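All chains are named by letter (A, B, ...) in the order of the sequence lines, taking the proteins before the strands, and each is independently numbered beginning at 1. Keep in mind it's a predicted model, so treat the numbers as computed, not measured.
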There are 2 protein chains.
Amino acid sequence: MPPRRGQQLVQSLERGLAALEMALDGNVRPSHVAEALGIDRSTAYRLLYTLMAKGYLLQDERTREFTSNPAKFFQLYGKVATLLDWSDVAGDFLTRLRDQSGETANLGVRQANNVIYIAHKPGQAALSVNFALGTSRPLHCSALGKALLAAQPDAVTAEWVASAALTSYTAKTITEPSRLKRHLERVRVEGYAVDDEETFAGVRCIAAPIHDHRAQVIAALGISGPTTRITHEQLPHFAQNVMQVAAQLSAELGAPVAEL
Amino acid sequence: MPPRRGQQLVQSLERGLAALEMALDGNVRPSHVAEALGIDRSTAYRLLYTLMAKGYLLQDERTREFTSNPAKFFQLYGKVATLLDWSDVAGDFLTRLRDQSGETANLGVRQANNVIYIAHKPGQAALSVNFALGTSRPLHCSALGKALLAAQPDAVTAEWVASAALTSYTAKTITEPSRLKRHLERVRVEGYAVDDEETFAGVRCIAAPIHDHRAQVIAALGISGPTTRITHEQLPHFAQNVMQVAAQLSAELGAPVAEL
DNA sequence: CCCTCGTGTTGCGTAATTCGCACATGCAGC
DNA sequence: GCTGCATGTGCGAATTACGCAACACGAGGG
């Protein structure tokens, strides 16, 4: 057993990163950061100033507001090449899924308690689901998220379900731990997950897991569309389609062929 | 006059960011970071651990190495929407320039003493210049960089030229401050910058500045190709092409129409 | 098999670093 | 001008982070 992990975090770094993320959500001023983090204005200022000196933030000469430095983040992101590569690999499959289903196809990975959308092909219908890349959504109410959750070992899922904050977004969001647990078991059995207006009213999504060469689940692939087109009657048909393309993408990544 | 800026940086945050950037350049271990930053292993470990706790890094269960968390960076980058938008706006112009010139077209912005490539269209010839988005290159020896430098007020340029480290990459790299200063003056007069094998032997680049609606230079657009195709005879012709498309992009951004 | 070396990880005391207070400065609005 | 409000900056106090030292563990060699 590996030694149990420490829990003492470096406070200044922790606060600095929090300030950085605040700046990414919109321009910030020392007073805002100070209030949000419960620290003194001067401390907040020094954190922001340090972030600026290291190139992460810029300061508007006139308004004195601190703003994120896009170029810096682009540079950092450029070094994390894997996801760009991902888009390249998955692009064809997303297009195929989009064209076959007629709906927006998207691909996401897990990041803490969220799914991050890392690639997509927006649907071409007048009414289509659309959102920016990099968007994050809760695991428990998105199809991609549930597909990822269901792929975990039972014990892990049980613990997560018990401790997670199951925020409600619509009347249909599953907020009861026990119900979510049963729901996820069914997802695993069926091989696909459905978000039935649990995040946005009028939007239904279907997703299936993607496996890598070690049969590990590393991402999820799915479609999102209006309930008027993804009807309950059509749902199984769409689900077959999603699972099929997900299996193809998994195969492309070298996953051992399980079923099909 | 605004109060003169402080110079005291928050040490822990500074070191933490340094550790983070090391991790982005490849997996790191506490001992590596400690040695590189001249700090104790335990300190390096705590920084890395904090970065992991906040989602920036992951730790391999087996090798204990810390590695960057791509999903986190994608999420952060997704919040900095401007550059993605940029690619959308500039995409058509890059394609146009690529098709007209037959060479790789690229767009970059300044980040400290570097140019960051934020969008490009690789040339389709068998022998074409190609590199990943997010790459950075020194200002003084790249065409994009020189186009950006030349757009500054004289005093700023003079100071920069005097204090910058003009590293040599090829025999043709300009490393003398006075010569670079004269060179940049000529760039401004002519309206375009040339990198004549100053970064890579056999590669010639041409670039021109992009102005926004306030006539501020915010980026540079250019082409890169082998010296066998971008010959000295053809250079003026290519330059006209680059300047023309740069002017079109500037106009698209609402820049006041100056010449042409 | 033991011994050594190197590394990840943690406890602890010290001292350096950071924090918050207080103030100077600048700016907007009455 | 005066008042309110925010940014930016000394400075002393003490919290915080740092380095030392030690433990656990694995690799490699004798």
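Distances shorter than 4.0 Å separate none of the side-chain N or O atoms of A:S12 from OP1 or OP2 on C:dT17. At the phosphate of D:dA17, neither OP1 nor OP2 sits under 4.0 Å from any side-chain N or O atom of B:T43.
B:T67 and B:N27 form a side-chain donor-acceptor contact under 3.5 Å, judged by distance and modelled atom types alone.
B:R137 is linked by a side-chain hydrogen bond (donor to acceptor under 3.5 Å, both in side chains) to nothing, counting only residues two or more places apart in sequence or in another chain. Checked against side-chain contact (heavy atoms from CB on, under 4.5 Å), A:S178 has the following partners two or more places apart in sequence or in another chain: A:E176, A:R182. For B:K181, the side-chain hydrogen bond (donor to acceptor under 3.5 Å, both in side chains) partners at least two apart in sequence or on another chain are B:E185. Applying the side-chain contact (heavy atoms from CB on, under 4.5 Å) test to B:Q111 and every residue at least two apart in sequence or in another chain returns A:N69, A:A71, A:K72, A:Q75, B:I116.
The separation between B:Y45 atom OH and D:dC25 atom P is 14 Å, rounded to whole Å. Separating the CG atom of A:L48 from the P atom of C:dC19 is a distance of 12 Å, rounded to the nearest angstrom. As rounded to whole Å, 8 Å separates atom C1' of C:dG8 from atom CD of B:Q59. One can place CG of B:L9 at 16 Å from C1' of C:dC19, the figure rounded to the nearest angstrom. If you measure from atom CD of B:Q11 to atom C1' of D:dA17, you get 9 Å, rounded to the nearest angstrom. Going from atom CG of B:N27 over to atom P of C:dG8 covers 13 Å, rounded to whole Å. With rounding to whole Å, B:Y49 atom OH is found 22 Å from C:dT7 atom P. Taking atom CD of residue A:E65 and atom C1' of nucleotide D:dA6, one finds them 12 Å apart after rounding to whole Å.
Interface remark: the B:R64 side chain does not form any donor-acceptor pair with the D:dG26 base, using a distance-only criterion of under 3.5 Å. Counting atom types as modelled, B:S42 pairs a side-chain N or O with a base atom of D:dC20 as donor and acceptor under 3.5 Å.
Close placement of the A:Y117 and A:F131 rings is indicated, their centers lying within 6.0 Å of each other.
Here A:R188 pairs with A:D154 in a salt bridge; the nearest charged N to carboxylate O distance falls below 4.0 Å.
Contact check for A:T199 versus A:T170: no side-chain heavy atoms found under the 4.5 Å cut-off.
A tilted orientation is assigned to the rings of B:H140 and B:Y169, their planes being inclined by 30° to 60°.
The residue A:R15 sits close only to the backbone: its heavy atoms come under 4.0 Å of sugar-phosphate atoms, none of a base.
For the contact set between residues 29-41 of chain A and DNA chain D, defined by any heavy atom under 4.0 Å, the members are A:R29, A:P30, A:S31, A:R41.
Among the nucleotides D:dA17, C:dT9, D:dG10, the one closest to the side chain of A:R46 is D:dG10.
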Wobble G-U and Watson-Crick pairs count when both distances are under 3.5 Å; given that, what is the 5' to 3' dot-bracket string of DNA chain C, with | for pairing to other strands?
||||||||||||||||||||||||||||||

